Amino acid sequence: MNEVRVRFAPSPTGPLHIGGVRTALYNYLFARKHGGKFLLRIEDTDQTRYVPGAEDYIIESLKWCGIAYDEGVGVGGPHSPYRQSERKELYREFADVLINTGKAYYAFDTPEELEAMRERLKARGVATPQYDAFTRGEMVNSLTLSKEETEKRLNSGEPFVIRILIPENEEIQVDDIIRGEVKVHSSRLDDKVLFKSDGMPTYHLANIVDDHLMEITHVIRGEEWLPSAPLHVLLYRYLGWEAPQFAHLPLLLKPDGNGKLSKRDGDRLGFPVFPLRWTDPFSNEVSSGYRESGYLPEAFINMLAFLGWNPGTEQEIFSMEQLVDAFSIERVGKSGSKFDPEKAKWFNHHYIKELTDENLSTHLIDILKEKGISADKSYASEVCRITRERVVLLPDLWNQSWFFFTEPESYDEKVVQKFWKPETPALLRQLAAVLDAAADFSAESVETIVKAFIHDNELGMGQVMNTLRLVLVGGSFGPGVAAIIALLGKTETLRRIEKAIQSLDNLAI
RNA sequence: GGUCCGUUCGUCUAACGGUUAGGACGCCAGGUUUUCAUCCUGGUAAUAGGGGUUCGAUUCCCCUACGGACUGCCA
């Protein structure tokens with residue numbers, strides 16, 4: 001068997017959304033699984049839809065996800081260039097081959113004329129007006145024009161496109177790894193434009209030419225391409241090339257209702273649909289990203305892998321290496337998957353709990369840096385150790401631990417109401433004295449001391465612990481009180497107790 | 001409208017034609033507990049409908065319903 005070669009071929013018209021990332025991921029996994037190559041090709045044949053930054057965004061997204069490619073834009077390779085706009089000169093040649101073999105023809109119809117044709121047919125009751133066997137005879141093209149007239153128009157520089165000539169009466173079959181045999185009658189296909197008047201090929205031509213030239217063995221792409229797959233099969237045949245194997249992936253659906261997940265759903269439903277944050281260069285509109293929202297790439301990938309695929313076992317947690325090992329295209333489902341934000345969080349929470357304290361602390365330190373706080377690495381690690389299980393998304397790291405880095409400026413009113421009693425100051429001072437006397441200030445020791453104090457004074461556990469928590473963090477959240485005290489240290493703990501007494505004492509009478 | 005694709009708990013899904021239809025997320029209840037979590041235990045909940053084929057259909061076939069994609073000189 002030949003070496004497996006697959007590609008991810010996005011068009012740089014904006015940020016890559018998670019459906020695209022999943023397509024890239026499955027291609028990557030498939031290539032790795034079979035010891036083949038994965039390439040990134042940029043399909044920028046539509047000059048009018050160029051969006052600055054989109055290509056860099058795609059590359060950065062793949063990098064963040066850990067989806068490395070062997071050939072492609074940015075890394076080069078034996079089939080360079082990998083940007084279709086830079087391969088422009090290539091495509092005309094193949095369009096000409098099709099013309100010369102009678103499989104394609106020139107067409108000179110203007111956009112207005114095309115529109116008029118559609119209107120005309122609609123008026124005649126034709127549901128789907130197409131440029132096809134039914135209509136091509138009444139349009140302006142090299143089929144209806146004389147050879148001389150066609151030459152004349154071509155030579156005079158009149159704009160033209162090249163259209164494929166769809167065969168009259170034929171069943172065209174696409175063999176799809178996921179869906180089996182899909183058959184479409186040629187009369188349902190239209191004479192698609194292969195080569196545009198601006199000198200660029202359309203997707204249909206460019207993707208066939210490039211896949212052939214780049215020796216692509218398997219085309220793994222979204223289901224939205226299934227309807228045009230017969231056209232592609234036809235093109236391979238016309239060009240005398242062996243077609244790659246096809247696998248059309250089911251769509252990613254929006255979490256509520258139905259329909260393809262789209263850009264707008266994220267902001268509407270409060271979860272990212274993009275791997276990285278994206279700022280639209282034209283409107284300056286910002287769309288949130290998984291990275292900036294505090295997801296770990298490992299969690300993001302694991303979650304994405306399971307949207308449409310499963311290993312057939314009950315294992316759900318997979319590293320990229322394990323995914324490579326377990327992946328098979330045959331186990332990809334047929335039906336679309338609704339994206340579930342809750343499950344995404346669960347994966348992230350899981351991966352955060354799996355991280356070492358030190359690894360997690362690098363994220364904490366990043367957050368601290370942004371806030372202009374510098375922190376000792378081992379201290380940050382300790383904070384992570386006692387905070388981690390409360391962290392679902394990375395920003396929770398700060399939400400659950402900020403009081404280790406800056407003292408509370410105010411106290412949650414509801415908590416004060418509930419726990420701050422007239423006798424509290426005296427009690428806290430007693431407890432402070434006991435704490436002050438402690439030789440061992442480990443969390444275990446502190447816990448023993450505080451509990452003994454509560455017991456000896458016949459106090460309520462909840463009452464004391466919650467009050468203590470209040471004065472130390474300013475509210476009712478965070479890790480265990482003993483762990484907080486131990487990490488804060490004796491001096492700081494005593495200071496916060498005293499400070500709270502100063503500011504809360506008058507208030508609660 | 002047409003063409004194509006699809007349909008198992010709310011969601012992601014498992015089940016050589018033979019299982020009490022399994023797991024996970026969520027949710028609910030209980031336990032642990034100083035907040036919130038974690039953790040543990042238990043529970044809720046599904047084969048879209050109708051016909052076939054078969055000793056036996058979630059599984060194979062047909063129809064219906066529903067959903068989706070596509071229907072550009074966009075990819």
Side-chain angles (χ1 to χ4, degrees), chain A residues 9-13 43-46 48-49 107 109-111 114-115 118 122 125-131 159-163 174 176 178-179 182-185 187-190 192-198 200-204 206-207 222-230 248 250-251 253 255 257-260 303 306-317 333-347 349 353 387-392 396 400 412 415 419 447 450-451 454 460-470 473 475-482:
Chain A
S11 148
T13 52
E43 310 231 321
D44 55 348
T45 53
D46 187 352
T48 63
R49 293 217 303 164
D109 315 273
T110 64
L114 289 172
E115 186 49 36
R118 291 191 189 103
K122 268 186 198 163
V126 178
T128 34
Q130 295 194 129
Y131 205 117
F160 68 92
V161 300
I162 296 174
R163 287 181 180 272
V174 179
D176 189 280
I178 294 171
R179 281 152 224 283
V182 178
K183 296 188 181 105
V184 179
H185 193 85
S187 63
R188 299 292 151 198
L189 268 29
D190 63 335
K192 280 266 182 312
V193 171
L194 300 177
F195 199 83
K196 301 184 275 186
S197 59
D198 65 359
M200 279 286 202
T202 60
Y203 169 83
H204 302 296
N207 111 85
E223 192 186 337
E224 67 269 28
W225 292 109
L226 195 51
S228 55
H248 288 94
L251 261 19
L253 275 18
N258 291 299
K260 197 162 77 161
M303 176 233 12
F306 269 71
L307 244 36
W309 170 86
N310 77 83
T313 65
E314 296 195 342
Q315 183 182 347
E316 296 220 64
I317 301 300
K334 291 174 169 51
S335 53
S337 319
K338 280 186 194 170
F339 174 73
D340 181 2
E342 287 307 314
K343 191 113 182 198
K345 283 187 193 158
W346 176 80
F347 271 113
H349 193 14
K353 285 186 289 181
T387 312
R388 59 174 340 114
E389 64 214 24
R390 275 157 259 257
V391 178
V392 175
D396 297 332
Q400 293 289 335
D412 185 316
V415 183
F419 294 108
E447 174 130 20
V450 175
K451 282 185 174 168
I454 291 168
M461 188 77 154
Q463 172 65 33
V464 176
M465 287 299 193
N466 284 309
T467 309
L468 215 38
R469 174 182 296 283
L470 173 68
V473 314
S476 76
F477 62 93
V481 169

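A quick note: this is a predicted structure, and the numbers were derived from the prediction, not measured.
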Q.
Once side-chain contact (heavy atoms from CB on, under 4.5 Å) is applied, do any residues pair with A:Asp109, and if so which ones, sequence neighbours excluded?
A.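 Here the qualifying residues are A:Ala107, A:Glu113, A:Leu114, A:Tyr131, A:Met139, A:Val140.
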Q | d(CG, A:Asp198; C1', B:A75) in whole Å | A |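 After rounding, the reported distance stands at 14 Å.
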Q.
Just the rounded figure in Å: distance from C1' of B:U38 to CZ of A:Arg390.
A. 7 Å
Is [X] near enough to [N] that one of its side-chain N or O atoms lies under 4.0 angstrom from OP1 or OP2?
X	N	answer
A:Lys353	B:C39	yes
A:Lys196	B:A75	yes
A:Arg163	B:C73	yes

Q.
Given 3.5 Å as the limit, does a donor-acceptor pair link the side chain of A:Arg390 with the main chain of A:Gly478, or not?
A. yes
Q: Choose from B:A75, B:U34, B:A14 the nucleotide whose nearest atom is closest to any side-chain atom of A:Met465.
A: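 Out of B:A75, B:U34, B:A14, the nucleotide with an atom closest to A:Met465's side chain is B:U34.
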Which pairs, protein N/O on one side and nucleotides 60-67 of chain B N/O on the other, fall under 3.5 Å?
none

Take atom [atom1] in [N] and the same atom in [M], then report the distance between them in whole Å.
N	M	atom1	result
B:C25	B:A14	C1'	15 Å
B:C27	B:A45	C1'	10 Å
B:U58	B:G6	C1'	16 Å

Q. Does the side chain of A:Phe339 reach to within under 4.5 Å of the side chain of A:Met303, using non-hydrogen atoms?
A. yes
